[in-house]
Number of protein chains: 2
Amino acid sequence: MVRAEQNSDDDERALSRLRELVRKKELKNSQVRERIARCALGYEGHFTVEDLARVLRAGGLRNAHPATVYRSIPLLMEAGLIQPAPAGPGETQRYERAFGRDHHDHLVCTRCGQLVEFHSPTLELLQEEIAKNYGFCLESHLHELRGTCSSCSRADGASAG
Amino acid sequence: MVRAEQNSDDDERALSRLRELVRKKELKNSQVRERIARCALGYEGHFTVEDLARVLRAGGLRNAHPATVYRSIPLLMEAGLIQPAPAGPGETQRYERAFGRDHHDHLVCTRCGQLVEFHSPTLELLQEEIAKNYGFCLESHLHELRGTCSSCSRADGASAG
DNA sequence: ATGCCTGCAAAAGATTTGCATTTCA
DNA sequence: TGAAATGCAAATCTTTTGCAGGCAT
């Protein structure tokens with residue numbers, strides 16, 4: 001389900017942050033970029049650049065060109081609206097909303113693609129500690145657990161086991 | 001430093017495993033594929049397909065073609081000789097030796113690229129536990145911590161702070 | 001001999017860039 | 001008005017695929 005270009009208080013706060021960054025960088029506040037931002041904020045789940053462009057075209061923005069979306073991605077990331085989602089070999093880069101959400105990592109079913117978001121404070125602390133042990137100051141991390149979800153395990157067990 | 005096409009007992013065991021898989025699949029045991037495997041096994045750190053092809057060409061295999069390397073990657077993975085390394089957005093896919101090494105995750109310096117391999121049993125257990133909580137049977141994971149290493153932090157602190 | 005393997009070139013897919021035009025401040 | 005933003009097409013880059021000839025069984 002794609003929330004598309006719906007609004008919410010959080011979205012407005014996110015857009016303010018984008019506008020702020022735009023001002024700070026002495027860029028211009030374009031309509032198209034705002035539409036892209038709204039669309040990204042409203043997208044449920046992970047999206048590719050093409051996904052965004054497609055939804056925007058469907059939603060009335062006739063010529064939402066992928067190149068334009070590509071060009072706005074770095075800014076949206078810098079403003080903290082979106083973040084890259086972990087991608088395996090050969091997979092197209094996907095992004096997800098970052099603003100207004102608690103930090104989380106992913107659990108993906110390798111059979112059906114089911115995506116679960118989890119958050120473990122213990123895990124976060126442990127990571128910080130590991131980084132510290134090596135003298136690193138942690139900035140970010142890429143973390144995705146891959147396996148089979150319960151339904152797929154069951155299906156598999158029924159046919160193969 | 002690239003160990004290139006050096007040998008070791010472990011490498012021989014790895015190659016046996018590759019030959020075994022080749023036999024099982026009723027493929028043929030080609031010279032070129034073995035060279036590629038040796039080169040991958042001997043490569044220190046992470047490598048792209050191009051990296052392998054380049055080293056092979058330099059090492060005497062005149063026409064080690066990237067396409068050929070690409071074609072052998074899945075087999076090397078299936079045989080457990082190599083595994084994909086986590087890649088961020090826009091980064092070319094890299095691989096690393098998997099055979100004969102303990103499992104480990106990565107700590108990368110975002111300034112200088114320094115790569116540290118770490119292993120934390122606690123972390124592994126925690127991941128298993130998280131997966132179990134969601135009914136998942138864990139198969140693999142992608143885990144990379146990103147930050148600034150001590151030297152870069154120091155350099156940064158000196159100039160900017 | 002048969003069929004996999006290889007090199008090469010062309011294709012495909014994702015992302016970037018150059019350029020003319022439009023939009024914003 | 002001048003700089004930034006946009007759409008479009010072309011260029012890049014990485015990875016895949018089709019084909020003709022080479023190599024292993």
Side-chain angles (χ1 to χ4, degrees), chain A residues 15 18-40 46-54 56-79 82 84-95, chain B residues 15 18-40 46-54 56-79 82 84-95:
Chain A
L15 289 172
L18 175 60
R19 294 191 195 107
E20 206 175 309
L21 180 63
V22 163
R23 205 178 321 126
K24 189 162 60 187
K25 293 194 163 231
E26 302 190 291
L27 302 178
K28 295 183 179 179
N29 196 358
S30 92
Q31 291 303 307
V32 176
R33 196 199 279 129
E34 288 235 343
R35 294 288 291 274
I36 293 171
R38 274 182 204 284
C39 187
H46 297 175
F47 54 85
T48 63
V49 165
E50 276 297 343
D51 288 335
L52 276 198
R54 193 175 321 115
L56 283 164
R57 278 193 300 268
L61 221 185
R62 295 301 156 128
N63 296 317
H65 205 276
T68 305
V69 179
Y70 274 111
R71 277 190 271 233
S72 54
I73 290 285
L75 203 63
L76 299 193
M77 291 217 283
E78 194 177 344
I82 63 172
E91 291 170 8
T92 301
Q93 185 58 50
R94 284 164 197 281
Y95 301 86
Chain B
L15 289 172
L18 175 60
R19 295 194 194 104
E20 206 175 307
L21 181 62
V22 163
R23 203 178 322 126
K24 189 161 60 185
K25 293 196 163 227
E26 302 190 291
L27 302 179
K28 295 183 179 178
N29 197 358
S30 93
Q31 293 302 306
V32 176
R33 197 197 280 130
E34 289 235 341
R35 293 289 290 276
I36 294 171
R38 274 181 206 284
C39 186
H46 295 175
F47 53 85
T48 63
V49 165
E50 277 296 342
D51 289 335
L52 276 197
R54 194 175 320 116
L56 283 164
R57 278 192 300 267
L61 221 186
R62 298 300 156 130
N63 298 316
H65 205 278
T68 305
V69 179
Y70 275 111
R71 278 190 269 234
S72 54
I73 290 286
L75 204 63
L76 299 194
M77 291 217 284
E78 192 176 344
I82 63 173
E91 290 170 8
T92 302
Q93 185 60 49
R94 284 164 196 282
Y95 300 87

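All values below come from the heavy atoms of this structure, side chains included, with hydrogens, waters and symmetry mates left out. Numbered from 1 within each chain, the chains take letters A, B, ... in sequence-line order.
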Atom [atom1] of [X] and atom [atom2] of [N]: how far apart are they, to the nearest Å?
X	N	atom1	atom2	answer
Q93(B)	dT15(D)	CD	P	7 Å
E91(A)	dT16(D)	CD	P	13 Å
K25(A)	dA3(D)	NZ	C1'	16 Å
Q31(B)	dT6(C)	CD	P	10 Å
F47(B)	dT14(D)	CZ	P	16 Å
H65(B)	dC19(D)	NE2	P	17 Å
M77(B)	dT15(D)	CE	C1'	13 Å
I73(A)	dT6(D)	CD1	C1'	16 Å

> Taking for each residue the nucleotide of DNA chain D with the nearest heavy atom, is it L75(A) or T48(B) whose nucleotide lies nearer the 5' end?
Replying inline: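 Final value for this comparison: L75(A).
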> If you pin A67(B) and G90(B) to their nearest nucleotides in DNA chain C, which one's is more 5'?
Replying inline: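 Closer to the 5' end of DNA chain C: A67(B).
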>> Distance check, rounded to the nearest 0.5 Å: E78(B) atom CD versus K24(B) atom NZ?
In response: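 Reported to 0.5 Å precision, the distance equals 7.5 Å.
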> Nearest 0.5 Å, what's the OH-CD1 distance between Y70(B) and I36(B)?
Replying inline: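 Reported to 0.5 Å precision, the distance equals 12.5 Å.
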> Below 4.0 angstrom from OP1 or OP2 of dC24(C), is there any side-chain N or O of S30(A)?
Replying inline: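 Answer no for this pair, as no side-chain N or O of S30(A) is under 4.0 Å from OP1 or OP2.
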> Between dT16(C) and Y70(A), is there an OP1 or OP2 to side-chain N/O distance shorter than 4.0 Å?
Replying inline: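 Negative; the distance criterion is not met.
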> Has the side chain of R71(A) got a donor or acceptor that lies under 3.5 Å from a partner of the other kind on the base of dG18(C)?
Replying inline: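 Per atom types, the contact qualifies.
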>> Any N or O donor-acceptor pair under 3.5 Å from the base of dA4(D) to the side chain of K28(A)?
In response: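 Such a pair does not exist between side chain and base.
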> Between H46(B) and D51(B), is any pair of side-chain heavy atoms under 4.5 Å apart?
Replying inline: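 A side-chain contact under 4.5 Å is absent here.
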> Mind checking whether T92(A) and E50(A) have side chains closer than 4.5 Å, heavy atoms only?
Replying inline: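 Sidechains of E50(A) and T92(A): no contact.
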> Which pair of non-hydrogen atoms, one from L18(B) and one from A37(B), has the smallest distance, and what is that distance?
Replying inline: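 Taking every non-hydrogen atom into account, CD2-CB, 3.7 Å.
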